[in-house]
Amino acid sequence: MHAFVVPLTVFLAVVFAVSALGKLRSPDRGRASFAALRIPVRRPDTAAVALIAAEALVALGLVSTWGWLFIAFAAAAFLLTAGLLVVVIRAHRMGATDDCGCFGDWIPAAIGPRLITRNVMLTIASAGVLVSSILVQTLVGVPVGVPLAISSPMSVLPTVGALAAAALIAVATWATVRASAAPPAVSSAGDRGAGAVVVPATGEIVDLLAAGSRARLLLFVSPGCHACETSLTALRAAEDDLSGLVDLYVVQRAASGAADTSSAHALPRAARFALDVGGSLSANLGTGRATPVAALIGTDGLQAGPLAVGSDETTLLFDSIRALASNPPA
């Protein structure tokens, strides 16, 4: 049974550790996750610190304890994964599509069916560890834990359990990666009106994928997205250099008929705010629902280079264009 429990336990410990470190290294220390998941908290700073501490403690406990203490940490892991599954389903039903911020900036994942699938697999994995360890402890009387398994000899029967655990881990990993992957573009940017957005400040409709005299740099953001604020901070730092080369647009998706037409973030001085009503621009560029995403559109109206996904890639794109402005090719 060790061969079944231990691989799942190590996998869950890694997931919790990455989640805690990802939140810890993000600019807001995971505070925006509560807003993205529509969880009302009076003190988001305290709640974020408590969540990071709980994830780190569970990760450590899963790999360092055995017996009933291990079962207690396995129960805590199940409560965390099941609780997150419930709040993600609730947020999805409320219409939320923001990045959940579950792993900080490391693995962006928009709230939706793919994220729900990922959390279902994580909940199943944690339930498998909890139930298996309880059965072994109560029926066989043998304590379970990673430290004990390291010193236990392997046999043919445990190998079968290891294979079953490996299969479950593979599916859970696939669901994790799939949740953060952006779907491919569904249509060509060359179609007339394919990039139409609304500029609330003037009320005009602008086609950002039409040919023009200047290139455009588009940054897609969403409300409650802490990684978006990181990208906007980088954009504000580089806007003086960037605005000399490209037109800057901060694009936010809006449902048709939405009453709120204001930006959810403080905008760079040189950027124009635009609403992607219905998500047609996002669909044509294949940005998916995860934010932030940046795209460079050439004067021919076509996308130049790949999409920059996440705060690290968008900042790198800004810096690359900024370097071009400082050192133009001969």
Side-chain angles (χ1 to χ4, degrees), residues 26-28 32 35-36 96-99 101 105 108 110 182 189 194-210 212 214-256 258-298 301 303-322 325:
S26 65
D28 67 348
T97 59
D98 305 330
D99 173 19
D105 295 344
V197 296
V198 177
V199 180
T202 61
E204 62 182 317
I205 297 177
V206 179
D207 188 352
L208 296 180
L209 299 183
R214 282 169 57 88
R216 278 138 281 174
L217 178 59
L218 317 181
L219 177 62
F220 292 83
V221 299
S222 60
C225 169
H226 61 284
C228 298
E229 188 57 44
T230 303
S231 293
L232 284 167
T233 300
L235 183 59
R236 282 190 285 268
E239 65 176 318
D240 289 339
D241 292 330
L242 293 177
S243 59
L245 278 180
V246 297
D247 291 333
L248 304 178
Y249 284 88
V250 176
V251 183
Q252 183 174 301
R253 182 168 180 170
S256 300
D260 189 6
T261 60
S262 60
S263 172
H265 304 273
L267 298 174
R269 173 179 43 81
R272 301 184 73 187
F273 175 66
L275 289 174
D276 183 14
V277 180
S280 61
L281 175 61
S282 302
N284 275 281
L285 291 176
T287 63
R289 291 185 177 272
T291 50
V293 178
L296 180 61
I297 308 300
Q303 181 180 330
L307 294 173
V309 182
S311 58
D312 291 340
E313 290 189 12
T314 54
T315 301
L316 181 60
L317 177 60
F318 302 157
D319 291 341
S320 299
I321 301 175
R322 192 180 188 180

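Heavy atoms only: backbone and side chains are in, while hydrogens, waters and symmetry mates are out.
Counting only distance, with no hydrogens or angles, the side chain of D276 and the backbone of V197 share no donor-acceptor pair below 3.5 Å. No donor-acceptor pair under 3.5 Å is formed between the side chain of E313 and the backbone N or O of T315.
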Apply the test side-chain hydrogen bond (donor to acceptor under 3.5 Å, both in side chains) to residues T291 and S222: give CA-CA distance (whole Å), side-chain angles for both, the deciding distance (0.1 Å), then the verdict.
CA-CA 7 Å; T291 50; S222 60; 2.7 Å; yes
Decide yes or no on side-chain contact (heavy atoms from CB on, under 4.5 Å) for T287 and L218, but give the supporting numbers first.
CA-CA 11 Å; T287 63; L218 317 181; over 6 Å; no
Assess the residue pair L208 and D247 against the criterion (side-chain contact (heavy atoms from CB on, under 4.5 Å)); give the C-alpha distance rounded to whole Å, side-chain angles, the decisive distance to 0.1 Å, and a yes or no.
CA-CA 10 Å; L208 296 180; D247 291 333; over 6 Å; no
Is there a side-chain contact (heavy atoms from CB on, under 4.5 Å) between L317 and L217? Walk through the geometry before answering.
CA-CA 10 Å; L317 177 60; L217 178 59; 3.9 Å; yes
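The minimum heavy-atom distance between L219 and A294, with the atom names listed, is CD1-CB, 4.2 Å. For A308 against T314, the heavy-atom pair with the smallest separation is O-CG2, 3.4 Å. Closest approach of V277 to V198, counting heavy atoms only: CG2-CG2, 4.0 Å. Minimum interatomic distance between L242 and F318 (heavy atoms only, all atoms of both residues): CD2-O, 3.6 Å. Between L307 and A295 the shortest heavy-atom distance is CD2-CB, 3.6 Å. Nearest heavy atom pair, residue R216 against residue G298, reads NH2-O, 3.5 Å.
Taken to the nearest 0.5 Å, the OG atom of S231 stands 8.5 Å off from the CG atom of D312. Separating the CG atom in L232 from the OG atom in S263 is a distance of 7.5 Å, to the nearest 0.5 Å. The CZ atom of R322 sits 10.0 Å away from the CD atom of E239 when rounded to the nearest 0.5 Å.
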Can you list, pair by pair, the side-chain donor-acceptor contacts under 3.5 Å of residues 268-275, counting residues two or more places apart and other chains?
residue, atom, partner, partner atom, Å
R269, NH2, D240, OD1, 2.7
R272, NH1, Y249, OH, 3.3
R272, NH2, E204, OE2, 2.4

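Under the side-chain hydrogen bond (donor to acceptor under 3.5 Å, both in side chains) criterion, E229 pairs with R236, H265, sequence neighbours left out.
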